[in-house]
Each structure stands twice: as structure tokens, then as C-alpha cells.
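The structure appears below as C-alpha cells.
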Amino acid sequence: MIMGHFDALHFVLSTRRCPVRRQGVCFWSPPVTTTDLPALFARIAPARLPELLAAMPKAELHIHIEGSLEPELIFALAQRNGVALPYASVAQLRSAYAFSNLQSFLDIYYAGASVLLHEQDFYDMARAYLARAASENVVHAEIFFDPQTHTARGVPIEVVIQGLHRACVDARAELGISAALILCFLRHLSEEDAFATLQQALPLRDKFIGVGLDSSELGHPPEKFARVFARCRELGLHLVAHAGEEGPPAYIWSALDVLHAERIDHGVQAQHDAALLERLARERTPLTVCPLSNLKLCVFASLAQHNLPQLLAAGLCVTVNSDDPAYFGGYINDNFTQLFAATGLGVPHAYMLARNSFEASFVDAGTKRAWQERLDAVFARFAQE
Ligand SMILES: Nc1ncnc2[nH]cnc12
Ligand SMILES: [Zn+2]
């Protein structure tokens, strides 16, 4: 494996304490030094960045499967299931995708999910996402789903989970991409509702690896879900939470200290709290950042103003993800290429971000090492060409 003098770029490879892992120590050993990485990076022309970003293997850790539902599939499922839509055409639906904040998006996003009724619908949606992700060299996806959006409409939770799970199994066999499911609680609903959802899901416990917290952030702080997350922790589920997308740094602190979240989804508002930044960097708590989402939901006025470069420079384990690609105008590679074009990030950052995505994933150390070797091989090939 390749490794070099990369510390100046805050490329943290030490075996420092790693809170993502339950044991409290990082079990993923650093790559072995065989090559001077900066020299290798220097041999790759910046003009080749779009090609490199597309070709490099990566993990996607922040994707809401309902947010991958393309307008064409919404219309096809509406027709298949006899669901009436308040839009005359795909184009008209797409033209409604102009958002001013998170809530304005969520209103349309939940309406779009109303066409999902049968196991095959959930299968088709997830299969389409996984095919697209595999074509973009995503080697692994940890996929959020919102069961309450469906159970509230009378769809049994087994229908949701079985359909999504079967798509993950088939995609692994047919496309070579691995995938795991993370059940998200809707934070605008009560903790009691979250407990009921957990109870319904437990017979299918082997089909999801963790729980998350999503939906309307402001006014719904993480501590509202302290007890249900404590129960999930006892059950050995992985824990993640959206925090600091629109909400204040205090929500990130409580996601860490009250919920014991192992990763923070978004987390970009951490920038306003120096002590929080220091902690996130020291503990290597990953942030799953979604640049095009932040742009479309007006968290940043432009991609050039996105703070991912600063978060990375501060030593945080930042990753790039698509969030709701069907609504925000791009899948993971679009997120990478548009962000890099707007901010001037370069070849070393591409390597760092891919590597962070492996570090932040919930897979075993051997699998991470295998992905790391694939990543190194791609960079070595680009350096030789
Ligand atoms: N960006 C986002 N924030 C919170 N909840 C979501 N559900 C789907 N996308 C979301
Ligand atoms: Zn999200």
C-alpha cells in the first residue's frame, strides 16, 4: 500500500482513540509506507480530477433511499399502483424541485414516497439506486430508510424492509456492491412513535445494522430521542444522527453525548464552535457531508462557499455523499466533481475523502484494507498514465 508524508494535510493515520468503534481503539491499521504520496499525487494532472473522482472506489454513507426515487420511477409506480399524483408530467414534478430550506424539501419528498406500496416497489427503488451507485464506483453503501413514512400509510414494515434487503442481496451478487440498511426515526414524530417502530422492526433485526435520526431538525433536538437510542445501543445497533444540518452546534454535542452517535450526518454547523471542531477532529467522529444537498437547501449560498475544505483542513473525518440525489441534482460523483470544481480541492483531497469513507463505514478491518488497496491501485494507475 502507498503512504507518505501526508500529515501536513491532516491525513490522520494514527491508531489514536477511535469512537466509531465500540472498543474505543481503532482496529484499522494504517497503510504501509511504500511510496511518497505527495510525489505520486503530483504526477496526476489536476485536469484529470473529474475522471479520477469518478474512477476511485468510495463508500456512500449518507443516502436516503426514498430520496433516490427519480421522477420517472415515481410516475411508473403511481401508474402500477393506481396512485393519483398532483402533477401532470415528469417535467412538471421536476420543476417543483426548488427548495428554500429543509422543510420545503421534506414536504415534496414525503409526497413522492406515497407511490411505494408493495415489496417490489421498495426493491425496484433500491435496485435502481444500487445500479447507479455501482456504476459510479461506490463499493459499499449504508442506506437510510424511513419506515414511519410508509407504516403511517398502512404499509407493513416487513414489506419495506424485505424489499430493500432483497435488493441489497441481489446487488451484491449481480453488481459486486455491498450494502447495509440503517433504519431512521423521524424526529418530527414522538419518541413513543419511534419506540413503536423499533418494536415492529425487531423481528427483522438481522436486516439492518443501525438506526439514525432524520427529518425536520429545528425544534427537534437529539435529546428528544435519548431513551430510544439508549435502547438501540443496548441492542448493539450502530447509531448515527442528522445534526448540524440547519440546527446549531448544540445539537451535534447532544447527538454525541446524549445519543452516543458514532457518526454525524451533515454536521456542517460545527464550524461555528471551535471546541466542537477540536473534539470531532480528536475523536475522528465522521461527518457525512452532502454538498449538493446543502446547496439546494440553501445551507450555503454557493458551492464555492461550502465549508468542507475547512472541515477537512481542521482534521475531521469528512466524507462526501449524495443525501437525496433524485431531488438535489446529482449522485455521489456529481457531488465530488461539482464541489472540487467550485472549491479548488485537488488530488490529495480526493484520496483523503475516499479513504475517510472507508474509515467511517461500519465494515470489518479486512474489508477496509481491501478497499484501500483498490484505491491505491487507481491512484498509482493515474500517476503512471
Ligand atoms: N437532508 C435531510 N435532512 C433531514 N432529513 C432528511 N430526510 C431526507 N433527507 C433529509
Ligand atoms: Zn440526510
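Because the structure is predicted, anything quoted here is derived from the model rather than measured. First listed ligand is number 1; within each ligand, the first listed atom is number 1.
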Pull out every atom of ligand 1 sitting under 4.0 Å from any heavy atom of [X], numbered as shown with elements.
{"X": "H266", "answer": "1 (N)"}
{"X": "H64", "answer": "6 (C), 7 (N), 8 (C), 9 (N), 10 (C)"}
{"X": "L106", "answer": "6 (C), 7 (N)"}

Check for me whether F105 has a heavy atom closer than 4.0 Å to any atom of ligand 1.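 A heavy atom of F105 does come that close to ligand 1.
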Does E217 reach ligand 1, in the sense of a heavy atom lying below 4.0 Å from it?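 So E217 does not count as touching ligand 1.
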Could you check whether F105 and F328 have their ring centres less than 6.0 Å apart?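 Yes.
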When the aromatic ring centroids of H242 and F144 are compared, is their separation below 6.0 Å?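 Ring-ring flag for H242/F144: true, centres closer than 6.0 Å.
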Contact check: D146 vs ligand 1, nitrogen or oxygen atoms, below 3.5 angstrom: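 Min N/O separation from ligand 1 is not below 3.5 Å for D146.
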May I ask you to identify the nearest protein heavy atom to [atom], giving residue, atom name and distance to one decimal place in Å?
{"atom": "atom 1 (N) of ligand 1", "result": "D323 OD2, 2.7 Å"}
{"atom": "atom 3 (N) of ligand 1", "result": "E245 OE1, 2.7 Å"}
{"atom": "atom 5 (N) of ligand 1", "result": "S215 N, 2.8 Å"}
{"atom": "atom 9 (N) of ligand 1", "result": "D324 OD2, 2.7 Å"}

Relative to each other, are the rings of F225 and F185 parallel, tilted or perpendicular (30° and 60° limits)?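 Parallel, since the angle between the ring planes stays under 30°.
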N/O/S atom name from H242 that is nearest to the position of the Zn ion (ligand 2):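 Distance check against the Zn ion (ligand 2) picks out NE2 in H242.
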Report the name of the N/O/S atom of D323 located nearest to the Zn ion (ligand 2).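 This residue's closest N, O or S atom turns out to be OD1.
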For H62, which of T288, N321, T319, D214 qualifies under side-chain hydrogen bond (donor to acceptor under 3.5 Å, both in side chains)?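 Per the side-chain hydrogen bond (donor to acceptor under 3.5 Å, both in side chains) rule, the option paired with H62 is T288, out of T288, N321, T319, D214.
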Check for me, please, whether L181 and F122 land in the same ILVMFWY cluster - side-chain distances under 4.5 Å, paths through other members count.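 Linked, L181 and F122 end up in one cluster.
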N-O pairing of [X] and [Y] below 4.0 Å:
{"X": "K207", "Y": "E158", "answer": "no"}
{"X": "R132", "Y": "E70", "answer": "no"}
{"X": "R369", "Y": "E373", "answer": "no"}
{"X": "R80", "Y": "D124", "answer": "yes"}

H62 N/O/S atom closer than 2.8 Å to the Zn ion (ligand 2):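 Within the cut-off used here (under 2.8 Å), H62 does place an N, O or S atom near the Zn ion (ligand 2).
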Decide, counting backbone as well as side-chain atoms, whether D214 has an N, O or S atom less than 2.8 Å from the Zn ion (ligand 2).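 No, D214 does not qualify, because none of its backbone or side-chain N, O or S atoms lies under 2.8 Å.
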Is the terminal nitrogen or CZ of R153 (NZ for Lys, CZ for Arg) located under 6.0 angstrom from the six-membered ring centre of Y110 and within 45° of that ring's axis?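 No cation-pi geometry.
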Please work out, at 4.0 Å between heavy atoms, whether the side chain, the backbone, both, or neither of F144 comes within that distance of ligand 1.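 Near ligand 1, F144 shows nothing, with every heavy atom at 4.0 Å or more.
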